[in-house]
Amino acid sequence: MYKNEIPMTFPKNFLWGGATAANQMEGAWNEDGKGLTTAEVVKKSQNPLEMSANDVSMNTIKVAMSDMTDKMYPKRRGIDFYHHYQEDIKLFAEMGFKAFRLSIAWARIFPNGDDKEPNEAGLKFYDHIFDECHRYGIEPVVTISHYEMPLNLTLKQNGWFSRKTIANFTHYTETLFKRYQGKVKYWMTFNEINAITGGFTATGSVDDQLSLNQQSQLRYQAVHHQFVASALAVEQCHKIDPKAKIGCMLARMETYPKTPNPIDVRANQLQDQLNLFFTDVQVRGEYPEFMNRYFLENNIKIDMDPEDEKIIKHGVVDYLAFSYYMSSVVDATQKPEKFNGELLGDGKNPYLETSDWGWQIDPIGLRITLNELWDRYRIPLFVVENGLGAKDKLTSDHKVHDQYRIDYLKKHIIQMKEAIKDGVNLMGYTTWGPIDLISAGTSEMSKRYGFIYVDQDDEGNGSLKRYRKDSFYWYQKVIASNGEDLS
Ligand code: BG6
């Protein structure tokens, strides 16, 4: 719509805050009736540049189940948020958070995933969290499934590969919407639903014995079940709590062609389509045509029930949330080696710097992405993850001088503001890991994102005391000035 003015800054009710996930922070993995989850059988990486989260087989699960300690399995201990949540939410409030993104551990509510009755102690835990948030005027933003599910569903039916998991999930989501009606205004169904390269982490399905093609088949089938489950959850949510909003969540990586050669440009376009396929389904309510060809040429056949297309059409989301950390370069001559639909192309961009973990830092890419997503979907966007994983040093007087983190975030905030001036409808920004937590990919503690330092090392040693970093005071100013004071 033509107007002779542009928004000059962040909207008044912009949701500033931070984002976390249950399996990376709660700990208390075997307390109060909670069941074992898929995340708790993932070993920590031996090599920090390799993601152990993708490296799971039936055999490694068996080994994990016979080891009831958290030594090799850091996601079992997290940062003990379960027992520190009051202190932690108070610190978030001190920074001025308007929103706190967290996930619910499905196995706290339904320990086996297919139980008839929910576990009251699990439901109460999240009641306490939401009440605590509201005490400080913080809006909880809740991910229903963030890289974990009850392990029993893997053992029994190979996770999301099975259609049966849809019914288990809708029982879980209905329980949540009814219980937390009025307490939770913002929901999200699946974290980074497109990250199926993550295999087990994303789908709870074991596929290590399969060929690459069979893996693709299984993962796309699993994600189809997630699409149906997500759409059903959207419908439930709208019905049970019409005031609530429910979104989808995408791992967005901006990609560029390596050269202006049309073959690179086309390869990049395909890469982008494979990324946007997931939001096309969840926002537009249908499988996009380009996937027909992709599936056919890659021998993938999606098994759909006759009503699936209708369900997906009805269950379109209210907003699109996404994580953004980096960008990548697509080179037409390089074939993805691991898996069809590889998202994390590792093409190097000579114009960008990288983090210690090799992630290419690209703030302008965030503005580009925001414009692209807004142009394509025209629904509110929400940046629900962004941040720099770095090695921090705690000084003897318990300070952390993390100017590098401030620089990273500042540059991204500047680009978000540019996107708002471009006309993008952006509803909020929650940085990843406002308090240090266990890394999703490598299970390290030393890959820290937080404004709050947690005294714990990779082996789980430490007092678990929380300390404010320099970035804590910086973010406080950013929020208080609604993004104007970035100094
Ligand atoms: C996102 C995930 O992909 O990236 C988070 O949603 C994760 O769970 C974050 O923690 C950062 O990744 P990592 O591996 O550095 O923890």
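Atoms within a ligand are numbered from 1 in the order they appear, just like the ligands themselves.
Taking any N or O of Trp359, backbone or side chain, none lies under 3.5 Å from an N or O belonging to ligand 1. Annotation: Tyr147 places no N or O atom under 3.5 Å from an N or O atom of ligand 1; distance criterion only. Checked against a 3.5 angstrom limit, the closest N/O atoms of Ser323 and ligand 1 fall outside it. For ligand 1, the polar-atom distance check finds no N/O of Thr442 at less than 3.5 Å from any of the ligand's N/O atoms.
Across Met249, Glu148, Met25, Glu385, heavy-atom proximity to atom 4 (O) of ligand 1 is greatest for Glu385.
Residues Val41 and Thr60 form no side-chain contact, since every pair of their non-hydrogen atoms from C-beta on lies 4.5 Å or further apart.
Close approach to Tyr449 involves these atoms of ligand 1, each under 4.0 Å from a residue heavy atom: 11 (C), 12 (O), 13 (P), 15 (O). Near Glu192, meaning under 4.0 Å from one of its heavy atoms, ligand 1 places the atoms 1 (C), 2 (C), 3 (O), 6 (O).
Ligand 1 has no atom lying under 4.0 Å from any heavy atom of Trp357. The closest approach between a heavy atom of Tyr324 and any atom of ligand 1 is not below 4.0 Å.
Cation-pi geometry between Arg448 and Tyr453 is satisfied (NZ or CZ under 6.0 Å from the ring centre, within 45° of the ring normal).
Taking a 6.0 Å sphere around CD1 of Ile364, one finds it holds 12 or fewer heavy atoms contributed by other residues, nucleotides or ligands.
Using bins of under 30°, 30° to 60° and over 60° for the plane-to-plane angle, the ring pair His398/Tyr467 lands in the parallel bin. Note on ring orientation: taking the six-membered ring where Trp is involved, the planes of Trp16 and Tyr429 are perpendicular (angle over 60°, cut-offs 30° and 60°).
At a 4.0 Å heavy-atom cut-off, ligand 1 does not touch Ala21 at all. If you look at Leu437 next to ligand 1, there are no close heavy atoms at all, none under 4.0 Å.
In this structure Gln86 satisfies the side-chain hydrogen bond (donor to acceptor under 3.5 Å, both in side chains) test with no other residue, sequence neighbours excluded. For His401, the ring pair (Phe, Tyr, Trp, His ring centres under 6.0 Å) test picks out no residue, with sequence neighbours left out.
Minimum interatomic distance between Leu320 and Ile379 (heavy atoms only, all atoms of both residues): N-CD1, 3.7 Å.
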